[in-house]
Amino acid sequence: MPDAFPIERLKKRADFLACAKAPACARGAVLVQARSRDEAALVRAGFTATRRIGGAVERSRAKRRMREAARLLLPHHARPGFDYVFIARGGATKRPWDRLLDDVKSALIRLAADIEAPSVEASPPPSAGPRPPT
RNA sequence: UCAGACGGCCGGGCGGUCGCGGGCCCGAAAGGGUUCGAGGAAAGUCCGGGCUCCACGACGGCAUGGCGGCGGGUAACGCCCGCCGGGGGUGACCCCAGGGAUAGCGCCACAGAAAGGAAACCGCCCUCGUUUCGGCGAGGGUAAGGGUGAAAGGGUGCGGUAAGAGCGCACCGGGCCGCUGGUGACAGGGGCCGCAUGGCAAGCCCCGCUAGGAGCAAGACCGAAUAGGGAUUCCGCGUUCCGGUUCGCCGGGACAGGGCCGCCGCCGGCCCAGGGAUCCGGGUAGGUCGCGAGAACCGUCCCGCGAGGGCCGGUCCAGAGGAAUGACCGCCGCGUUCCCGCAAGGGGGCGGCACAGAACCCGGCUUACAGGCCGUCUGAUCUU
């Protein structure tokens, strides 16, 4: 099992705006943004569904599904000290659950790889990096 | 049995694993336990209230918005119930923006001769002239008929007439005035008036009633960083008059200017009016409250035709704040589809399976809604 680190919800509008300029990765029905905070080993996650998704029912469902996916996958694939924002895209409510999990997982892995690659000295790697999917 | 009218209700169920938000309990904490956790429309934000802050000086006038048969219900309503009137339907029932059109202005397209104190296109009738005896022309009468139109100046019948016409009469319609019944809207009946006086008020308008404004991002409290307010002080300080003066200005009086209280009038009230330094209080980010025991819900009984009201007993029923009610699995139900079967039926696949997510709270209205259930009634048809 990976390292245990606390996961909190992102609630301030300013945090969301800051993440909007961070690197992002779109996979299937979701778009994930990741932003480094250079702080304690804490992961924060926020969820957004715009009006383009549909009415209130559709938007709530999209957020709940993304939240459930994040609950299952973040402990394995998140980097401590990062804020993640999940943005629902078209079809986020209709996509089969397995496919939605794959979308989120591959997006998280891709973001982790991008963080690792370009600047090595940016942040000292923790004891164990994100585990590749098995 | 079929077709239909009206009213009411439900709107997936059970179980398991992992999670989420609130309350309570245990614990030093980490955490654990327990319990509750979306709708009939939570929606649109269209009305009415509660609650909160602001504005609230009185009088007169003006302006603006809303409502509009009558009587009830209600905290209130533009809602609901009952009734009246009009219209539709064989019927159960349904529909009505339902005050005033002899207070006034305005409009009535197209067609039509004429669209509101009317009008002669085709007709009809009379007189005169003319005639090739078919008619034709001129003058006049006439709104019964044709034609136009959404609508043609009451309708039908009889009389009357040259032909016609409320010209006369009867009935219906209309207006005015009593009477009777009804709380009332109205209804019934009587007398008088032959009766130019259509429609649109959802064009303006008139009448009556009624109405402050904004909204929980209301508002209250606690409160960082940075930029703006109050007190003191220094410099400065409109016009004019008087006095003083160390010529820097100072003191007193009068007059002003701008803005606000919906507008106007009138009296009235309030606020503002330069720059620098020192000190002190507000507000923003953020946090806490507001934030759910109520015009509450359930049940018996009583009053009322009904909307609804009352007594008693019982229940506690979401409170988030980037916003909790979710993910997956099994069985059943539902829909759809395929296979086997003569049939009854059996088996399988697919489908998060109607509309839709609380955001201060209630009462309504409106709109959306797969499928299904119950009750009352009507019209046919069949059987007895």
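We name chains A, B, ... by the order of the sequence lines, and we start the count at 1 in each one. These figures come from a predicted structure and were not determined experimentally.
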For the pair made of CZ in A:Arg61 and P in B:C353, what is the distance, rounded to whole Å? 9 Å
Given 3.5 Å as the limit, does a donor-acceptor pair link the side chain of A:Asp83 with the main chain of A:Arg35, or not? no
A:Arg71/A:Glu68 under salt bridge (charged side-chain N to carboxylate O under 4.0 Å, His left out): CA gap, chis, key distance, verdict: CA-CA 5 Å; A:Arg71 186 175 71 84; A:Glu68 179 68 11; 2.8 Å; yes
Could you tell me the separation between the CZ atom of A:Phe86 and the C1' atom of B:G322, rounded to a whole number of Å? 15 Å
Checking base pairs now: Watson-Crick or wobble, both atom distances under 3.5 Å. What partners B:U278? B:A231
Quote, to the nearest angstrom, the P distance that separates B:G198 from B:G153. 12 Å
Without decimals, in angstroms, what is the distance between A:Arg44 CZ and B:G322 C1'? 12 Å
For B:G72 and B:G21, measure between their C1' atoms and round to the nearest Å. 48 Å
Any non-hydrogen side-chain atom of A:Phe16 less than 4.5 Å from a side-chain atom of A:Val85? yes
Can you tell me how far P in B:C255 sits from the matching atom in B:G269, rounded to whole Å? 15 Å
Listing time: all N or O pairs from protein to nucleotides 16-21 of chain B that are below 3.5 Å?
residue : atom : partner : partner atom : Å
B:G19   : O2'  : A:Arg71 : NE           : 3.2

Partner lookup for B:G147, please. Criteria are Watson-Crick or G-U wobble with both distances under 3.5 angstrom; report none if nothing qualifies. none
For B:C216, what is the paired nucleotide under Watson-Crick or G-U wobble rules, both distances under 3.5 Å? none
Can you tell me the base-pairing partner of B:A254? Count Watson-Crick or G-U wobble geometry only, both distances below 3.5 Å, and say none if there is no partner. B:U239
Where each residue is assigned the nucleotide of RNA chain B containing its nearest heavy atom, which of A:Arg65 and A:Glu58 is assigned the position nearer the 5′ end? A:Arg65
Pick one for B:G73: is it syn, with its angle within 90° of 0, or anti? anti
Does B:G23 adopt a syn or an anti glycosidic conformation, taking syn as a chi angle within 90° of 0? anti
Under 6.0 Å from the CZ atom of A:Arg110, do we count more than 12 heavy atoms belonging to anything else shown? no
Partner of B:A211 under the Watson-Crick or G-U wobble criteria, both distances under 3.5 Å, comes out as B:U64
Tell me: CG of A:Leu101 to C1' of B:G326, nearest whole Å? 14 Å
Would the distance check show the side chain of A:Arg89 and the main-chain N or O of A:Gly28 forming a donor-acceptor pair, the cut-off being under 3.5 Å? yes
For B:G21, is chi within 90° of 0 (syn) or not (anti)? anti
Syn or anti for B:A320, taking syn as within 90° of 0? anti
I want to verify the glycosidic state of B:G191; is it syn or anti under the 90° rule? anti
Sub-3.5 Å donor-acceptor pair from the side chain of A:Ser106 to the main-chain atoms of A:Asp103, do we have one? yes
Looking at side-chain heavy atoms only, is the closest gap between A:Ile87 and A:Val30 below 4.5 Å? no
Nearest whole Å is fine: how far is B:A324 P from A:Arg59 CZ? 11 Å
Determine the interatomic distance between P on B:G174 and the same-named atom on B:A187; round to the nearest Å. 10 Å
Ignoring hydrogens and geometry, is there a side-chain-to-backbone donor-acceptor pair from A:Arg65 to A:Thr93 under 3.5 Å? yes
Do A:Thr48 and B:G322 have a side chain to base donor-acceptor pair shorter than 3.5 Å? yes
What distance, rounded to whole Å, do you find between the two P atoms, one in B:C289 and one in B:G78? 40 Å
For B:G292, which nucleotide in any strand shown is its Watson-Crick or wobble partner with both distances under 3.5 Å? none
Length of the CZ-P vector between A:Arg64 and B:C328, whole Å: 13 Å
Counting only Watson-Crick pairs (N1-N3 plus N6-O4 or O6-N4) and G-U wobbles (N1-O2, O6-N3), all under 3.5 Å, who is the partner of B:A380? B:U1
Would you please name every residue forming a ring pair (Phe, Tyr, Trp, His ring centres under 6.0 Å) with A:Phe47, sequence neighbours left out? A:Phe86
Spacing of the C1' atoms in B:G262 and B:G117 (rounded, Å): 47 Å
Please state how far atom CG in A:Asp98 lies from atom C1' in B:C328, giving the value in whole angstrom units. 10 Å
Which whole number of Å gives the distance between the P atom of B:A42 and that of B:C365? 11 Å
Under the 5.5 Å and 30° test, is A:Phe47 stacked on the base of B:G322? no
For B:A344, give its Watson-Crick or G-U wobble partner with both distances under 3.5 Å, or none. none
Nearest-Å distance once atom C1' is located in both B:U284 and B:G223: 10 Å
As an exercise, state the distance from CG of A:Leu73 to NZ of A:Lys105, rounded to the nearest 0.5 Å. 6.5 Å
d(CH2, A:Trp97; C1', B:C329) in whole Å: 14 Å
